[in-house]
Amino acid sequence: MGKIILTGDRPTGKLHLGHYVGSIKKRLEMQDNNDFEKMYVMIADSQALTDNFDNPEKIRESIKEIILDYLSVGINPEKVTIFIQSMIPELTEYTFYFLNLVTLSRLERNPTVKNELSQKDFNNTIPVGFLCYPVSQAADITLFKATDIPVGVDQLPMLEQTNEIVRKFNSLYGDTLVECKGILPDNETSFRLPGIDGKNKMSKSLGNCIYLSDDEKTLRDKVMKMYTDPNHININDPGKVEGNVVFTYLDVFAKDEDFEKYLPEFANLDELKRAYGKGGVGDVKIKKFLFIILNELLTPIRERRKVLEQDMESVYNILKEGTKEARIVAKKNMQQFKQALRINYFE
Ligand code: TRP
């Protein structure tokens, strides 16, 4: 049997460059390699509701943004089944039975959840649904028998927990579920792309994002505001490359051809870094260079989005069809699951 690829995003806003390098780039690569039996991309609205239950309208709106982002970035619905999590009720059923196989202390130990809890300030009133979302994520993955999960590093604890559940389930009820593995970006700098402030990972709640749909002016303004080296005041001062966001981004996005085309005084990034370190290269110069590179990446995405926005009915139809298809698989796999659990009473 070939690979079954599955991944997803919480619809809590538009997709940004952190999503792009953290997982979307890999998805596109995998989609175009054609080395799979099935590929799914899921809009994880139920998961998004676990910490946005007081704002369902935001989730509803974001589904529109995310499907537009997917299609404009190049996810091809002819090859990939795109669906909405909450419209597959079998996912909720799986989750319910999985909850028996996980302890409270194991949930509290999940480093990604821990990190989110510390950011969210729930104090002593943690909603149980939020704490359990890794279990629902295990359902997302196993219901579709997914083997390959293109994700950012922050999702690895979820996959580890998924595989623990798979092993426990299979040992109790017989071989039914399949273990999965994460597929990370090639470039390690992409693991945690910093936001333009340089302080933290790019994240909507921190207001430090470059969105895939940002227009040219917004993109230019954001790049010009990027954190560089605060001690690099005059052009001739030696500049620091480490911790300098512009260089972090160049590490991820700049190719040698870009130098040839747009900054021919330097053969490649190493040369530019050396010159910047010595002094004599201004921040505006490196920012302009980065802007050109990012704008070249984002222009076609932006343009496709504009076209797609004109016909939202067709866009929603893609989601509807994908969800219908995913549901068929879900129903079929649910039968096996119930049989293993001995709850298929009338069969
Ligand atoms: N937790 C993921 C995120 O926050 C979204 C997600 C939900 C997911 N279900 C998934 C990712 C299954 C991979 C596989 O981005």
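Nothing here was measured: the structure is a model prediction, and the numbers come from that model. Index from 1, following the sequence. Indexing begins at 1, ligand by ligand and atom by atom, following the structure's order.
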More than 12 heavy atoms of other groups within 6.0 Å of Glu188 CD: no
Atom NZ of Lys25: over 12 foreign heavy atoms under 6.0 Å: no
Under-4.0 Å heavy-atom contact with ligand 1, by part of Met158 that carries it: neither
From Lys26, Arg27, His19, residue fulfilling side-chain hydrogen bond (donor to acceptor under 3.5 Å, both in side chains) relative to Ser23: Arg27
Side chain to side chain contact (heavy atoms under 4.5 Å, CB included), paired with Ile88, selected from Met42, Lys331, Glu93, Arg327: Arg327
Distance from atom 15 (O) of ligand 1 to nearest protein heavy atom, with residue and atom: Gly8 O, 4.0 Å
Atom 8 (C) of ligand 1: nearest protein contact (heavy atom, Å): Gln137 NE2, 3.4 Å
Sub-3.5 Å N/O-N/O distance, Asp140 and ligand 1: yes
Residue-ligand contact Met42/ligand 1, heavy atom below 4.0 Å: yes
Thr7 N/O under 3.5 Å from ligand 1 N/O: no
His232 (side chain) donor-acceptor with Val281 (main chain) under 3.5 angstrom: yes
Whether Tyr20 and Phe253 hold their rings parallel, tilted or perpendicular, with breakpoints at 30° and 60°: parallel
Atom 7 (C) of ligand 1 [closest protein heavy-atom partner, distance rounded to 0.1 Å]: Gln47 NE2, 3.3 Å
For Ile149, the ligand 1 atoms whose distance to one of its heavy atoms is below 4.0 Å: 13 (C), 14 (C)
Enumerated ligand 1 atoms positioned under 4.0 Å from heavy atoms of Gln155: 1 (N), 2 (C), 3 (C), 4 (O)
Numbered atoms and elements of ligand 1 in range of Leu6, under 4.0 angstrom, heavy atoms: 12 (C), 14 (C)
Atoms of ligand 1, numbered as shown, that sit under 4.0 Å from any heavy atom of Ala44: 7 (C)
Ring geometry between Phe98 and Phe337 (parallel below 30°, tilted from 30 to 60°, perpendicular above 60°): perpendicular
Top protein contact for atom 4 (O) of ligand 1, by heavy-atom distance: Arg10 NE, 3.3 Å
Ion pair Asp221/Lys217, N-O distance below 4.0 Å: yes
